[in-house]
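Everything below concerns the one structure shown next.
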Amino acid sequence: MILPFETYNPLWKQQFEEIKIEIENVLKTFPIQIDHIGSTSVNGISAKPIIDIQLGVETEEYLDKIPEFLKLPNVVYYEKYNQEMPTRRFFVMFKQSTEEMNTSSIIKLDEEIPAVLQNHNLRLAHIHAFVKDSEEWIRHIAFRDYLRTNDQVKNEYQILKEKLVKNEWKDGNEYNEAKDDFLKRYEKIAVNWYQNKNI
């Protein structure tokens with residue numbers, strides 16, 4: 001699989017704002033923080049043109065309820081991933097409805113992911129829900145803010161991404177694993193920086 005990859009596009013910020021409104025409309029009863037994260041949220045970094053969105057809810061009880069409410073015609077809930085990452089609820093927003101793609105709106109724990117959902121050209125956004133101020137929630141915010149303020153690390157990340165994107169990947173997860181050493185190294189630094197900054 002060749003992943004879609006584009007130079008930084010200022011329209012990504014606008015796309016996030018539009019999707020944020022859609023999410024707010026269906027989760028209006030939730031006390032929630034919605035943030036633009038990932039490479040599309042950092043000026044100047046090339047990325048897969050898929051908007052990463054982080055939802056921060058107040059409690060684990062709210063986290064468990066999100067799949068009941070985050071129901072849009074083009075959103076798929078990946079319950080399958082709850083086993084490997086129980087503190088997150090993960091959704092993908094597509095350019096087509098699940099009906100048009102002839103697929104379910106939930107990928108259950110024991111199900112294979114249909115081939116059509118593996119097509120990254122059909123994806124609009126990845127939506128990651130965590131309890132606000134949890135370790136994972138902080139990690140994503142901290143890394144985003146660190147890249148926004150540190151040109152040297154941002155450029156290093158850009159070079160790595162440009163190199164990796166030339167390869168063929170089994171899926172997006174395999175591509176993410178190839179970035180893992182870089183991310184683990186700098187995310188730890190970013191979290192320390194973020195926590196010291198917010199003391």
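As the structure is a prediction and not an experimental result, all values here were calculated from the model.
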Applying side chain to side chain donor-acceptor pair (under 3.5 Å) to S46 and not counting sequence neighbours gives Q158
Can you tell me if N150 uses its side chain to pair, donor with acceptor, with the backbone of Y146 under 3.5 Å?
no
Would the number of heavy atoms belonging to other residues, nucleotides or ligands and lying under 6.0 Å from CG of D181 be above 12?
no
Measure the CG-NZ distance between L124 and K95 for me, rounded to the nearest 0.5 Å.
6.0 Å
Rounded to the nearest 0.5 Å, what separation is found between the CD atom of E177 and the CG atom of L183?
11.5 Å
Can you name the side-chain contact (heavy atoms from CB on, under 4.5 Å) partners of T87, sequence neighbours left out?
M85, F130, E136
Within a strict 4.5 Å, meaning less than it, do heavy atoms of the R89 and D64 side chains meet?
yes
Would I106 end up clustered with L70 when hydrophobic side chains under 4.5 Å apart are linked, directly or stepwise?
yes
With ILVMFWY side chains joined below 4.5 Å, transitively, what does L11's cluster contain besides itself?
none
Using the side chain to side chain donor-acceptor pair (under 3.5 Å) rule, collect all pairs that involve residues 16-29, keeping only residues at least two apart or in two chains.
Q14-E18
Do any N or O atoms from the side chain of D35 and from the backbone of I37 form a donor-acceptor pair under 3.5 angstrom?
no
Is the NZ atom of K188 crowded by more than 12 outside heavy atoms at less than 6.0 Å?
no
Can you find a pair of side-chain heavy atoms, one from D145 and one from I141, that are under 4.5 Å apart?
yes
With sequence neighbours excluded, tell me which residues meet ring pair (Phe, Tyr, Trp, His ring centres under 6.0 Å) with F30.
Y62, F69
Using distance only, find each side-chain donor-acceptor pair of residues 50-58 under 3.5 Å and give its atom names and separation, not counting sequence neighbours.
unit_1 : atom_1 : unit_2 : atom_2 : d
D52    : OD1    : H128   : NE2    : 2.8
Q54    : OE1    : H140   : ND1    : 2.9
Q54    : NE2    : W137   : O      : 3.1

To the nearest 0.5 Å, what is the distance between CG on N155 and CG on L147?
10.0 Å
Using the rule that Ile, Leu, Val, Met, Phe, Trp and Tyr join whenever any side-chain heavy atoms are under 4.5 Å apart, tell me whether I138 and V153 fall into a single cluster.
yes
Looking only at heavy atoms, the pair that brings A129 and L63 closest together is O-CD1, 3.4 Å
Answer yes or no: is there a side-chain heavy-atom contact under 4.5 Å between T59 and V131?
no
Set of residues satisfying ring pair (Phe, Tyr, Trp, His ring centres under 6.0 Å) with respect to Y157, sequence neighbours excluded
F143, F182
Report the residues that fulfil side-chain contact (heavy atoms from CB on, under 4.5 Å) with Y8, sequence neighbours left out, ordered by chain and then residue number.
P10, W12, N43
Set of residues satisfying side-chain contact (heavy atoms from CB on, under 4.5 Å) with respect to N192, sequence neighbours excluded
Q195
Test side chain to side chain donor-acceptor pair (under 3.5 Å) applied to E6 - qualifying residues, sequence neighbours left out
none
Is it the case that one hydrophobic cluster holds both V26 and M93, taking links as side-chain heavy atoms less than 4.5 Å apart, direct or via other members?
yes
Between S39 and K161, is there a side-chain heavy-atom distance shorter than 4.5 Å?
yes
More than 12 heavy atoms of other residues, nucleotides or ligands under 6.0 Å from NZ of K13: yes or no?
no
Which value, rounded to the nearest 0.5 Å, describes the distance between S104 atom OG and E79 atom CD?
10.0 Å
Euclidean distance, E84 CD relative to N82 CG, rounded to 0.5 Å:
9.5 Å
Is there a donor-acceptor pair under 3.5 Å between the side chain of K80 and the backbone N or O of E111?
yes
Which other residues belong to the hydrophobic cluster containing F90, where Ile, Leu, Val, Met, Phe, Trp and Tyr are joined when side-chain heavy atoms lie under 4.5 Å apart, directly or via other members?
V76, Y78, Y81, V92, F94, M101, I107, I113, V116, L117, L122
Can you check whether S41's main-chain N or O pairs, donor with acceptor, with R148's side chain at less than 3.5 Å?
yes
Taken in chain and number order and not counting sequence neighbours, the residues that satisfy side chain to side chain donor-acceptor pair (under 3.5 Å) with N74 are none
Which atom pair, heavy atoms only, marks the closest approach of A47 to T40?
CB-CG2, 4.0 Å
Rounded to the nearest 0.5 Å, how far does CD of E187 lie from CG of D180?
8.0 Å
